[in-house]
2 protein chains.
Amino acid sequence: MNSRPPTLDEVAQRAGVSTGTVSRVINNAKHVSKKSREAVERAIAELGYVPNKTARSLATQQRGAIALAISSDDPALFANQFFAEVITGVNAIVEETDLELMLVLAASERGRARFARILRSRSADGVMLLALKENDPLSIMAEQSGVPVVHGGRSLDRTPQWYVDADNRGGARLATEHLLSLGRTRIGTITGELNTHAGVARYLGFREALALSGLSDERVAHGDFSEASGMAGMKTLLDDHPDLDAVFVASDAMAAGALGVLRDHGRAVPEDVAVVGFNDIVTARYTQPALTTVHQPIEALGREMTRMLLRLINNEQVTSLILPTELVVRDSA
Amino acid sequence: MNSRPPTLDEVAQRAGVSTGTVSRVINNAKHVSKKSREAVERAIAELGYVPNKTARSLATQQRGAIALAISSDDPALFANQFFAEVITGVNAIVEETDLELMLVLAASERGRARFARILRSRSADGVMLLALKENDPLSIMAEQSGVPVVHGGRSLDRTPQWYVDADNRGGARLATEHLLSLGRTRIGTITGELNTHAGVARYLGFREALALSGLSDERVAHGDFSEASGMAGMKTLLDDHPDLDAVFVASDAMAAGALGVLRDHGRAVPEDVAVVGFNDIVTARYTQPALTTVHQPIEALGREMTRMLLRLINNEQVTSLILPTELVVRDSA
DNA sequence: CTGAAAGCGCTAACAA
DNA sequence: TTGTTAGCGCTTTCAG
């Protein structure tokens with residue numbers, strides 16, 4: 001049961017042709033007579049031939065693999081929905097090809113070193129990078145390596161050459177406009193980390209929407225996307241602007257925290273204060289009340305990153321992409 | 001910036017030694033003079049040499065990669081916490097080695113075909129398989145291939161040769177005993193799918209605990225792990241056994257559904273009916289009330305699977321593992 | 001349209 | 001302790 005798979009040479013012998021011919025058939029090149037082709041195909045079937053990918057890689061100088069790298073210091077960041085959804089999207093496209101998918105979680109210094117080696121040794125024909133922090137060393141490393149790289153998301157400091165991102169700004173506008181359409185006029189926001197692209201973009205979207213309606217955008221508290229910071233932000237907002245009648249919160253985790261604080265302060269949601277979150281995490285459906293939020297096309301992000309990378313590898317033309325977000329209306333606003 | 005990395009031959013030339021010697025230094029074999037070693041190391045540093053993994057693979061007949069394969073018809077199943085946590089665990093061990101990690105999501109027929117090819121062409125030195133359904137074709141395929149295989153979880157029909165599993169039965173006992181310790185005596189259960197090992201094991205654990213206390217175990221409704229089935233199961237239970245004072249629910253998703261039904265029927269949780277779930281998904285902390293549940297060591301599962309696989313690849317002795325689960329007490333019981 | 005042969009970059013066996 | 005060389009299995013000229 002452990003017998004070595006047959007080689008191309010053996011197939012050639014069996015089919016009574018040269019290895020060159022077998023190779024041509026396998027890579028369905030032209031200039032092969034029907035007769036040889038059939039003989040080869042029969043031999044392949046009979047022997048159960050499977051090409052040796054390693055040998056082929058060595059000969060062609062192509063690995064037949066792409067890598068999905070996730071750079072982060074905090075391993076907990078992998079452990080979320082986002083991650084799984086991206087991979088699902090990536091896989092959908094990879095599955096249409098013969099490529100292998102390598103996963104590189106660069107959580108530690110070792111992980112980063114491994115990534116560097118993959119780049120230098122051309123272990124992958126291309127790389128998709130989810131750089132979760134700003135100014136990511138891997139990002140720079142990758143773009144300098146000469147290996148095709150597609151980024152998921154952008155960073156503040158440096159816009160990658162090729163990227164796919166969600167429309168954070170548009171999503172924030174959507175959310176804020178929804179609040180406006182509900183007749184709210186004293187709308188505040190709890191921002192995410194303002195040293196991230198997403199954080200800034202969502203804040204800008206919020207301000208944009210208010211500016212267009214000529215309303216004040218001065219009710220703002222700063223958070224860092226975490227639930228705890230959402231609680232703190234909501235308290236600040238309530239203290240500074242007790243007249244608040246709605247709040248756009250830049251992440252669902254923060255919104256969950258904010259919801260708790262509102263409850264504690266006796267403000268009914270959405271009657272007294274309407275709340276909209278961002279991300280549409282699973283738990284958004286389970287908060288009390290269920291959270292109205294902005295859905296990001298995460299799986300699509302994975303799919304488009306992969307498509308883009310494949311084109312890059314094939315030297316086709318590509319263009320960076322911003323994917324639309326959409327509002328999911330539930331009970332909180 | 002796109003220059004081909006130097007080859008071993010070039011290093012040899014630069015260091016003024018033979019390729020054999022360079023190879024020995026790289027694989028730090030013995031029988032190398034200090035002098036040569038240093039010369040080689042210098043040359044490697046100067047040239048920025050990185051070994052070509054493909055060439056090495058071809059020569060050694062080892063791929064230097066292991067695969068994590070997830071078999072499922074339903075892509076949505078990937079998109080959960082479980083998946084991300086397993087990978088985090090796997091990565092922790094992989095990161096200690098030079099191995100690459102390939103990911104194979106066999107959702108479609110194509111995916112399965114790709115997996116078969118990986119097996120036949122020895123694209124990976126070993127495979128970890130998360131077979132999410134019973135009687136999984138991949139599982140059989142893998143074990144017949146001669147490639148080392150470690151399973152995550154077991155199936156009902158066939159216990160894999162090497163596996164790591166969570167102690168579902170023990171966890172269910174833990175949960176039920178907790179209910180007993182609370183003084184509850186009319187305890188029911190909503191089971192998971194009874195054509196899965198986990199479903200059956202959890203049901204058995206429940207019955208075991210009740211049997212040991214001499215209590216009736218006849219309050220049972222059957223679900224399929226889904227939220228909807230949890231709602232249905234809870235209704236059935238309430239109809240058939242209105243005296244119910246506690247329920248062990250075989251998954252958190254079902255428990256979330258059950259909680260809603262209890263609320264609708266005016267039963268206070270945990271006062272009237274105590275509820276314990278299973279899995280400890282993220283949302284368990286957000287239900288109303290927060291769900292007492294059984295935590296599975298998912299990341300550890302990933303870690304142990306990987307360790308086991310590495311030992312298998314090195315022809316070391318291994319033994320299948322059952323990892324302990326633990327009770328997380330929150331508000332619902 | 002087909003066959004022969006020279007690599008791809010590395011390892012490993014054998015000589016020296 | 002070192003150098004030499006024959007592969008690993010496939011692709012790809014180059015002749016024919």
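Each chain gets a letter, A, B and so on, in the order its sequence line appears, and its residues count up from 1. As the structure is a prediction and not an experimental result, all values here were calculated from the model.
- As rounded to whole Å, 17 Å separates atom P of dG7(C) from atom CG of L58(B).
- Computed from coordinates, the R56(B) CZ to dG9(D) P distance equals 18 Å when rounded to whole Å.
- Between E100(A) and K53(A) there is a salt bridge, since a side-chain N of the basic residue sits under 4.0 Å from a carboxylate O of the acidic one.
- Put simply, NZ on K53(A) is 14 Å from C1' on dC10(D), counting in whole angstrom units.
- Ion pairing between R14(B) and E46(B) holds under the 4.0 Å rule for side-chain N and carboxylate O.
- Listed pair Q62(A) / dC8(C) fails the phosphate criterion, with no side-chain N or O lying under 4.0 Å from OP1 or OP2.
- OP1 or OP2 of dT2(C) has not a single side-chain nitrogen or oxygen of S18(A) nearer than 4.0 Å.
- One can place CZ of R24(B) at 11 Å from P of dA13(C), the figure rounded to the nearest angstrom.
- Residue contacts for S36(A): at a heavy-atom cut-off of 4.0 Å it reaches the sugar-phosphate backbone alone, with no base atom in range.
- Put simply, S33(B) has a side-chain N or O that comes within less than 4.0 Å of OP1 or OP2 on dT2(D).
- In the set dC10(C), dT11(D), dC8(D), dT11(D) carries the atom at the smallest distance from any side-chain atom of S23(A).
- With rounding to whole Å, K35(B) atom NZ is found 14 Å from dT1(D) atom P.
- Between dG9(D), dG3(C), dT12(D), one nucleotide has an atom nearer to the side chain of T60(A) than all others, and that is dT12(D).
- Between the side chains of T21(B) and S18(B), at least one donor-acceptor pair of N or O atoms lies under 3.5 Å.
- Rounding to whole angstrom units, NE2 of residue H31(B) and P of dA12(C) are separated by 14 Å.
- For D165(A) and R154(A), the salt-bridge test passes: some basic side-chain N is under 4.0 Å from an acidic carboxylate O.
- When each of K30(B) and L8(A) is assigned the nucleotide of DNA chain D bearing its nearest heavy atom, the one mapping closer to the 5' terminus is K30(B).
- Minimum atom distance to the side chain of Y49(B) is reached by dC10(C), of the listed dC10(C), dT11(D), dC8(C).
- At the phosphate of dG3(D), OP1 or OP2 sits under 4.0 Å from a side-chain N or O atom of T21(B).
- Between N27(B) and dT11(C) there is a side-chain polar atom (N or O) within less than 4.0 angstrom of OP1 or OP2.
- dT11(D) atom C1' lies 11 Å from atom CD1 of I26(A), rounded to whole Å.
- If you take CZ of R63(B) and P of dG9(D), they are 14 Å apart, rounded to a whole angstrom.
- A salt bridge is defined here as a Lys NZ or Arg NE, NH1 or NH2 lying under 4.0 Å from an Asp or Glu carboxylate O, and R158(A) with E143(A) meets this definition.
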